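Remember, predicted model here, so these are calculated numbers, not experimental data.
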Amino acid sequence: MERDEVGTLAAVTGAPAEAGAQLENAAQESLRPTQLDPGLRRGTGEVRNEAPRPHRLQLSRRALLATAASTALAAPLPLAAAARRQRTAPNLFVGTGGDGHTYPGATLPFGMVQLSPDTDVERWDTCSGYHHGDGSIMGFSHTHLSGTGIGDMLDVLLVPTRGEVKLTPGPLADPDAGYRQRYSDELAEPGYYRVKLESGVLAELTVTERTGWHRYTFPGGAAHVLVDLSHLVLDKSDAKPLIDEASLALDAEGTLTGSRRVHRWAKGRRIHFALQLSRRPDRVTFYGDEDKEQPAGASGVRGKRVKAVLHFDEAGGAPLLARCGISAVDVAGARANLAAEARGWDFDAVRRAAARRWANQLGAIAVEGGSADQRVIMASALYHAMVAPTLFSDVDGRYIGLDRRPQRVPAGERAFSTYSLWDTYRALHPLLTLVAPDQAGALVRDLVRQTQQSPYGPLVWPLQGVETGTMMGWHGVSVLAEAQAKGIPADYAAAWPAIRKRSFDFTAPDLDNSKGRDLYDAKGYVPADVWFESVSRTQEYAYDDWASSHLARAAGQSADAERLGKRSGNWRNVIDARIGFARPRFADGSWWKDYDPIQLGHMPKPWWRDYTEANGWQATFLNQHDVYGLIRHIGGDRAFEAKLDALFTAPSTLPANAPPDIAGLVGQYAHGNEPDQHAPYLYAYVGAPWKTQAMVRRLCVEMYQNAPKGVIGNDDCGQMSAWFVFSALGFYPVDPVEAAYVFGSPLFERATLRVGDGKRLVIEAPGNRADTPYVAAVTWNGRPWTKSWISHAELVRGGTLRFTMSATPVPGFGRAMADRPPSFGRVPG
């Protein structure tokens, strides 16, 4: 969960679930709007009947050994036959409150345009531009990040309003001071957003892949639309100017075009747009830097902070439509995207097409059973798992490569951006390989191309043609290795030279994510007195070595594969076996003496941590690829099981300087951040999967709600959501490269998945209730299945995976050594 500033620890709160979304008949061509509580629909920030109650999520040893009944939701009523034929609509406001950092606006699955309202740009809460409860809307911009811990984007803001022309938004605390507007009757559904602004304007938004569509219904009288190209996410740590080039131009046909270069997170990225209106304005006024009005009749403006106001003397009557194409390449690309995807003015047809796209995408998984809220949470999680990575190539195949130059994809291919790889390699990409293999294949082929083009080789966090170098490691190799292991076709060997350079050429350029590679290779670890976040670096680099070893072998480089496989054991060198914890280690080989596992490290400077968004507790369990090696290093099965118990039962205390990313605490386990999200599943590796089952069920119930604060921590481009989807289905990819899933506790009675090539996977847990979190037995296609895991190869062949659930633990299931999951390429025993 990336973040570029230190804030206070966010409190963990729980709240009753809101009213669930209405079920929708699958035969309808578009999804009905999510039916929200009136307090939420008003957009006032007040959710009717919601009373958040702060509490500390802890799990005692006794609670771990008991059933999860006391923490689970009430058992669902029996399902009617009609309900089984209906689809639950997602609640797009899930994650828009708290620290979820999602947005409610219109986009398509993995689309280039994310057209959504912006409520603020000056707080960490509004990394996505929107935070539920802010009470006023600045306007509607065309690009947004979903669930990230750093803000950027918010390109091409449109503000439809009446009255005095105001050129600045004003502060959140005083909407009347600027062009902000209070709002009501907010509604969101996949591909569509609607809100009533206090000026009397009804604003509606929908999208194609590369264009945003606006429909504004004004009261009678004069009105105007402000186009603010100075609007962006602000941060006090950024060097000014954040925009150093900008322009607007109006051509003879009435198309408004513009460009800007932004230095926020993805420093130096460019965006271009072409905007057309359904009727010409009566006049257009341009404004340059410091809001200086340009001479009457001006057809454009250049500067750093430029704006245009489109005036209508009589705005009432027919709605005003605007359609806007965007491109990262040039204005010609934006014009071409607009011409290709916006041939008419039928807003409702575009909306219906967007709804159909989403209905097909969300139809990949259908569930029955559970509570109404749980079904909404599932649909919402699946939705949020399918908004990123985002399309980055224009209709002609051009995009900006990570070498900062225009590139072109081969015919039929696409380029993508917004790869939050430190987060999403864990569950988001594995989910796509399972239920959207065509999309997974498109992403993998794009990763191969961009790995070749980037001066830094394998990707870590590319955004809009800029490798940001955010977070540790180069986890693009994990996505490639996982896809290769699961049979996704791509030219993996083509990426190998760049991966090899990152792995072995210590003169190659580095960003923050790969510092200390030379010491990692020479010493076997990154020293804590040389580089920040050294403990996590060592472990993250070791995992990427593991993934890269598979890619080396696929490229026929067996010696490199051997070297990488051996070096992937470097994780041992930052886990002190004497105390059983991940611990900072210095260049002379000594350990940090004043060690405390709740601390962030030895902190020689205020910003210097020894772990990446974690502490010693969480980093101890970071190892995903050599679990049995970690078990032996800690002291064997019983010692490791006790260490896991201690993780979940330790006091939930954190140091005052802990980042808010370390959230959703159960003991010292932090569900709201990624480093230890696989830890609940590690009990299966010591023959105690019933403890996994109890904890996973608890996390599904307590960490996710059908409410704006419904995601603990940032959603991180769908990673938090993908964790829920997998866990609610009943299994999870502890090590995606291993191509195996460890069983947990299914949440529903039945789930049906499309798994590619027309195959169908059915997951059954008949009679499953809130008080039956334990697995008593499993069958696969009617045959007894004693293992606590199953391979990807088995599941994608299709069939029926059936769980028999129990209210009490069944310690015998999965206990035998032969039934435990594989790790490091082999099974135990």
Subject >> Check: Ser721 main-chain N/O paired with Asp715 side-chain donor or acceptor under 3.5 Å >> reply: yes

**OP:** Look only at the side chain of Asp396 and the backbone of Ala336, and say whether a donor-acceptor pair between them is shorter than 3.5 Å.
**Re:** no

Subject >> Main-chain N/O of Gln719 paired to Thr424 side chain as donor or acceptor, under 3.5 Å >> reply: no

Original post:
Do His429 and Pro736 come close enough that some side-chain heavy atom pair is under 4.5 Å?
Top reply: no

**OP:** Ignoring hydrogens and angles, tell me if any N or O in the side chain of Asp446 forms a donor-acceptor pair with the backbone of Phe416 under 3.5 Å.
**Re:** yes

Original post:
Can you name the nearest heavy-atom pair linking Ala188 to Pro104, along with the distance?
Top reply: CB-O, 3.4 Å

Original post:
Between Asp560, Asp545, Asp505, which is the residue that forms a salt bridge (charged side-chain N to carboxylate O under 4.0 Å, His left out) with Arg500?
Top reply: Asp560

Original post:
Between His101 and His144, does the ring centre distance come in under 6.0 Å?
Top reply: no

**OP:** Starting from the C-alpha separation in whole Å, work towards a yes-or-no answer on side-chain contact (heavy atoms from CB on, under 4.5 Å) for Leu443 and Val479.
**Re:** CA-CA 9 Å; Leu443 294 173; Val479 178; 6.0 Å; no

Original post:
Between SG of Cys127 and CG of Asn714, what distance do you get to the nearest 0.5 Å?
Top reply: 7.0 Å

Subject >> Side chain proximity check, Thr208 to Val350, heavy atoms < 4.5 angstrom >> reply: yes

Subject >> Rounded distance [0.5 Å steps], OG in Ser791 versus OH in Tyr741 >> reply: 9.0 Å

Subject >> Check: Thr470/Trp265 side-chain N/O donor and acceptor closer than 3.5 Å >> reply: yes

**OP:** Would you please test Arg323 and Glu341 for salt bridge (Lys or Arg N to Asp or Glu O under 4.0 Å) and show each step?
**Re:** CA-CA 10 Å; Arg323 55 192 190 191; Glu341 296 185 6; over 6 Å; no

Original post:
How many angstroms lie between atom CG of Leu729 and atom CZ of Phe724, to the nearest 0.5 angstrom?
Top reply: 9.0 Å

Subject >> Check against side-chain contact (heavy atoms from CB on, under 4.5 Å), Arg260 and Phe273 >> reply: CA-CA 9 Å; Arg260 70 176 184 173; Phe273 77 93; over 6 Å; no

Original post:
Under 3.5 Å, is there a donor-acceptor pair between the side chain of Gln276 and the main chain of Leu256?
Top reply: no

**OP:** Mind checking side chain to side chain donor-acceptor pair (under 3.5 Å) for Ser454 and listing every partner two or more places apart, or none if nothing turns up?
**Re:** none

Subject >> Heavy-atom neighbours of Arg404 CZ exceed 12 at 6.0 Å >> reply: yes

Original post:
Should Glu467 and Trp461 count as side-chain neighbours, where that means a heavy-atom distance under 4.5 Å?
Top reply: yes

Subject >> Lys501, NZ atom: more than 12 neighbouring heavy atoms under 6.0 Å >> reply: no

Original post:
About how many Å separate CG of Leu232 and NE2 of His263, when rounded to the nearest 0.5 Å?
Top reply: 11.0 Å

**OP:** List the steps, then state whether side chain to side chain donor-acceptor pair (under 3.5 Å) holds for Glu482 with Thr433.
**Re:** CA-CA 9 Å; Glu482 179 226 342; Thr433 62; 3.0 Å; yes

Original post:
Are any side-chain N or O atoms of Trp474 and backbone N or O atoms of Gly457, one a donor and one an acceptor, separated by less than 3.5 Å?
Top reply: no

**OP:** Would you indicate whether the side-chain heavy atoms of Met472 and Tyr543 approach each other to under 4.5 Å?
**Re:** no

**OP:** Apply side-chain contact (heavy atoms from CB on, under 4.5 Å) to Leu158 and Val156, showing your working.
**Re:** CA-CA 7 Å; Leu158 269 61; Val156 194; 4.0 Å; yes

Subject >> CA sep, side-chain torsions, deciding dist, call: Leu564, Ser503, side-chain contact (heavy atoms from CB on, under 4.5 Å) >> reply: CA-CA 8 Å; Leu564 287 163; Ser503 301; 4.0 Å; yes

**OP:** Please report the closest heavy-atom contact between Leu402 and Pro462, naming both atoms and the distance.
**Re:** CD2-CB, 3.8 Å

Original post:
Is there a donor-acceptor pair closer than 3.5 Å between any side-chain N or O of Asn337 and the backbone N or O of Gly333?
Top reply: yes

Original post:
When rounded to the nearest 0.5 angstrom, what is the spacing between CG in Leu434 and CG in Leu761?
Top reply: 7.0 Å

Original post:
Short question: side chain of Gln114, backbone of Met112 - any donor-acceptor pair under 3.5 Å?
Top reply: yes

**OP:** For Asp118, enumerate each residue passing the salt bridge (Lys or Arg N to Asp or Glu O under 4.0 Å) test, keeping only those at least two apart in sequence or located in another chain.
**Re:** none

Original post:
So which of Leu115, Asp155, Asp394, Thr143 actually passes side chain to side chain contact (heavy atoms under 4.5 Å, CB included) with Ile326?
Top reply: Thr143

Original post:
Can you check side chain to side chain donor-acceptor pair (under 3.5 Å) on Tyr425 and Gln624, steps first, answer last?
Top reply: CA-CA 12 Å; Tyr425 85 87; Gln624 295 169 256; 2.4 Å; yes

Original post:
What salt bridge (Lys or Arg N to Asp or Glu O under 4.0 Å) pairs are there with at least one residue in residues 427-445, not counting sequence neighbours?
Top reply: Glu413-Arg445

Original post:
Heavy atoms, side chains only, cut-off 4.5 Å: are Glu674 and Met720 in contact?
Top reply: yes

**OP:** For Ala427 and Phe726, work out which heavy atoms get closest and say how close.
**Re:** O-CE1, 3.3 Å

**OP:** Scan for salt bridge (Lys or Arg N to Asp or Glu O under 4.0 Å) pairs involving residues 487-497, sequence neighbours excluded, and state none if there are none.
**Re:** none

Just list the side-chain donor-acceptor pairs under 3.5 Å for residues 547-554, sequence neighbours left out, or say none.
residue : atom : partner : partner atom : Å
Ser548  : OG   : Asp544  : O            : 2.8
Ser549  : OG   : Trp546  : O            : 2.6
His550  : ND1  : Trp546  : O            : 2.9

**OP:** Decide yes or no on salt bridge (Lys or Arg N to Asp or Glu O under 4.0 Å) for Asp757 and Arg797, but give the supporting numbers first.
**Re:** CA-CA 9 Å; Asp757 295 328; Arg797 283 197 283 266; over 6 Å; no

Original post:
Side chains of Asn513 and Tyr456: donor-acceptor distance under 3.5 Å anywhere?
Top reply: no

Original post:
For the atom pair OG1 (Thr255) and CG (Leu275), what is the distance rounded to the nearest 0.5 Å?
Top reply: 8.0 Å

**OP:** Would you mind reporting whether Leu480 and Val444 have side-chain heavy atoms less than 4.5 Å apart?
**Re:** yes

Original post:
Just wondering, do Tyr732 and Arg426 contact through their side chains at under 4.5 Å, heavy atoms?
Top reply: yes

Original post:
Is the closest basic N to carboxylate O distance between Arg335 and Asp251 below 4.0 Å?
Top reply: yes

Original post:
Under 4.0 Å between a Lys/Arg side-chain N and an Asp/Glu carboxylate O for Glu209 and Arg357?
Top reply: yes

Subject >> Identified side chain to side chain donor-acceptor pair (under 3.5 Å) partner of His272 from the options Ser247, Ser327, Ser259 >> reply: Ser259

Going by atom type alone, with no hydrogens or angles, which donor-acceptor pairs under 3.5 Å involve a side-chain atom of residues 377-393 and a protein atom two or more places apart or on another chain?
residue : atom : partner : partner atom : Å
Ser380  : OG   : Asn91   : N            : 2.8
Ser380  : OG   : Asn91   : O            : 3.4
Ser380  : OG   : Val376  : O            : 2.7
His384  : ND1  : Ser380  : O            : 3.2
Thr390  : OG1  : Thr418  : OG1          : 2.7
Ser393  : OG   : Ala415  : N            : 3.1

